[in-house]
Amino acid sequence: MEDNKVLNYIKDVLETMPEGWLTTTTHRLDIYNEELAKTQFLEQFEDLFKKNNSEISALSELPTAYDYIRLGHPLSSVLEWTLAKLHHLKGENIIAFDSKTIPVLAVLRKNLFDQKKTQILYTGELPAQFDAEIIREVYGYSFELKQVQNVNDVSSFEGSTVFISDHEKTSTIELNPNIDFYVQNYAHLGSILMVNGEKNESYIAEIQHVRRRETIAMTPANCHYALKSLTENKVIEPINTNALESDKSSVVDSINKVTGTTSKALVASSGLSIQYAIMMGLIDDAQSNHPGKGIKFIVPPNCYGGTNDQARRVAACLDNVDIVDLPVDGDNDMVQSIEKVLTKIADEDAVPYIIAEIPTNPRVEVPDLQALKTALSKERKTTKGTKAIDPVFILDQTFCPNVHFLGEGEILSTVRTISFASGSKFPSGGLVTAGYCVGNQLTDALIEKIELHLDLCDNEATAYQYEVLAKQLPSMNQRIIDAYKNTREFVNFIHEVLPAAKINFVSEALAEHGFTPSVFSLDLPTKGDTDEEREAYKRALNLKLINLMITEIPNESKFCVSYGQLKGCYWTIPATSTQGTTKEGDKDYIVRASLSGNMDLELHKKVFTDFVNSI
């Protein structure tokens, strides 16, 4: 009876839900409480269920669920809640993944640190992507693999038991107390991880963090499909492979054209998914070609929090991998920092991998590219006098994906360089999260390794993500031009009306060389007798500006993290959003604005003038 009530309610919700549940990829920070994100959403959703209220007005007022898309979103939360209800589990015990492999890796990661044994059971065949040898050797995880005939025959085990199974439709199962984690794979939709028993609830936060950093939640479109399969008792239909291959071909061609490259382009479910494949692929390559040597990932300490956190999470799992800080912003020069760090790593005869953003985030700085090339190309010696291993430069060019770094004759064509970008920004206009990477001609072998790990982690872009990118990528360069024009005009206007503010943006000279981002950061003028008073005043002023903009221009100005959106203007404070996991001393308490080519610029100027007059 209760199960029917749940399923009937979900049917109604699917009919009336807000459009944004399927299409939004970024979240409004003004209605988002990170500590209460999923619990707050589910508590209020539960109240609506008890009242049998599925009105769109009520659903629209629900608070943000997780951080939209990557860690979770309304539809993944609803899917998880529904399955939890039907299995008499807590909502947080069900975790929906886009990947079929990563949920298993998430359990293995925690057990690595807990020094706990894991057995992985399966009926039939293991997922094609699951390469046990590589998972043991490259990821550092240990486990036993065992095929079983019947799930009911599983006996107790001194450690964690993970049971993997394939399902042709979303449905309920009978839980076996001897199985700790169920990983249910659903064709092209992704997977559902079920955490069984109170003793395993300590895993939940760690598993969710893996989903946040190394993959994504099951996508909104696929969660929607999974819920319809559940409520209608329908088998999951196969995807249209002809359409998918056509979209893939179009996307790869567009990426090669945009980046000026000819190497194979790889497309993942998110920017962090492609970065994870890059990191693990490079580690694999280093273990093969430089066995026994230390691996150093060189990362700016104040870069995007996801990059920073993921790099450190990877290093924490492997004894021979370390993180080296690379100061790049403000008083620090990227080239000088690289020179210093590479010299030290050469002395140690280690393998250097550099992850850096150009332009930098959030201060939008571009290094001297010729000097950068020289520093990266320089032949160095170890303390023993042997030739040091040359670096691989991993370039995050999300802010300027149109700049040609890698093609023949370009500035980084003679240095081993891999470029990647978050597809949730300009490539898709904010419509999907997919990310991509390409390399120059010196990195073909590395790209093969990266592709291997992208496949192993089952983190390739979904059919829908390819479809959206195929539609959006051809117009990307024009959207970048239009957005830059608005941004340059707004920056010049702020210089006029608030000359005391420090604005971080590219120079006209850099723009002429193709660096035309549509994001800038704003260090507002402050006052006070002490450093503490001045900092407190500035932080309050940051929020005053953002709140004025989003209140006066609610249809266009949003308190959001993203960039490259199709319309409107996004505002954020990096220290409290994109730098969430960055060390406190490296955070930037400044305003960052991201403009599009489709917005009422004159209205934004007027509201900004009102702000200036108010201070």
Side-chain angles (χ1 to χ4, degrees), residues 70 99 101-102 105 129 134-135 138-140 210 213-216 252 255 259 261 263-290 295-300 303-318 320-324 326 351-358 376 389-398 401 405-406 412 415-425 427 433-461:
R70 211 182 58 244
S99 163
T101 313
I102 295 276
L105 299 186
Q129 306 93 333
I134 292 177
I135 292 170
V138 180
Y139 293 74
V210 168
R213 291 304 187 219
E214 282 84 58
T215 186
I216 59 170
V252 169
I255 292 170
T259 57
T261 58
S263 76
K264 187 171 187 178
L266 305 177
V267 189
S269 59
S270 72
L272 282 177
S273 296
I274 197 65
Q275 183 184 281
Y276 190 52
I278 292 169
M279 290 194 73
M280 299 315 298
L282 294 182
I283 289 169
D284 192 351
D285 185 77
Q287 289 180 351
S288 300
N289 293 308
H290 308 288
I295 299 167
K296 310 290 184 181
F297 279 97
I298 304 156
V299 183
C303 72
Y304 165 57
T307 294
N308 219 313
D309 192 31
Q310 184 192 97
R312 284 166 168 75
R313 286 167 56 76
V314 169
C317 294
L318 298 162
N320 66 329
V321 179
D322 293 301
I323 302 300
V324 178
L326 180 75
V351 184
Y353 297 135
I354 303 167
I355 303 177
E357 296 166 295
I358 299 179
L376 293 170
I389 300 161
D390 63 308
V392 176
F393 192 61
I394 306 156
L395 169 62
D396 181 350
Q397 60 176 109
T398 296
F405 283 98
L406 309 184
L412 295 180
V415 177
R416 290 197 298 167
T417 305
I418 292 161
S419 161
F420 73 102
S422 168
S424 66
K425 312 304 187 290
T433 58
Y436 61 80
C437 83
V438 289
N440 60 20
Q441 291 184 344
L442 301 176
T443 62
D444 287 349
L446 296 178
I447 290 292
E448 285 183 18
K449 286 286 190 183
I450 294 165
E451 183 176 25
L452 185 155
H453 287 271
L454 181 64
D455 291 343
L456 184 149
C457 292
D458 193 27
N459 266 342
E460 188 180 1

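None of the values given here were measured: they were computed from a predicted structure.
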Side chains of Thr417 and Phe405 in contact at under 4.5 Å (non-hydrogen atoms): no
Side chains of Met280 and Ile134 in contact at under 4.5 Å (non-hydrogen atoms): no
Measuring from [X]:[atom1] to [Y]:[atom2], what's the distance to the nearest 0.5 Å?
X	Y	atom1	atom2	value
Leu454	Tyr276	CG	OH	12.0 Å
Ile274	Glu460	CD1	CD	9.5 Å
Arg312	Thr307	CZ	OG1	11.0 Å
Gln310	Phe297	CD	CZ	9.5 Å
Asn289	Asp284	CG	CG	9.5 Å

Residue that, paired with Thr215, satisfies side-chain contact (heavy atoms from CB on, under 4.5 Å) out of Leu272, Asn459, Asp458: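 Result: among Leu272, Asn459, Asp458, Asn459 is the only option passing the side-chain contact (heavy atoms from CB on, under 4.5 Å) with Thr215.
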Which heavy atom in [X] sits nearest to a heavy atom in [Y], and how many Å separate them?
X	Y	value
Phe420	Cys437	CB-CB, 3.7 Å
Ala434	Ala461	CB-CB, 4.2 Å
Glu214	Ile102	O-CD1, 4.0 Å
Thr433	Ser269	OG1-O, 2.7 Å
Ser288	Lys449	OG-NZ, 3.7 Å
Tyr353	Leu282	OH-O, 2.8 Å

Test log, rule salt bridge (Lys or Arg N to Asp or Glu O under 4.0 Å), inputs Asp309 and Arg213: CA-CA 8 Å; Asp309 192 31; Arg213 291 304 187 219; 2.9 Å; yes
Using modelled atom types and a 3.5 Å cut-off, is there a donor and acceptor pairing between side-chain atoms of [X] and backbone atoms of [Y]?
X	Y	answer
Ser99	Cys457	yes
Thr443	Leu446	no
Thr101	Leu456	yes
Thr398	Asp396	no
Ser270	Ser422	no
Gln397	Ser419	no

Check: Ser263/Thr261 side-chain N/O donor and acceptor closer than 3.5 Å: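 Their side chains do not contain a donor-acceptor pair, so the 3.5 Å distance test is not met.
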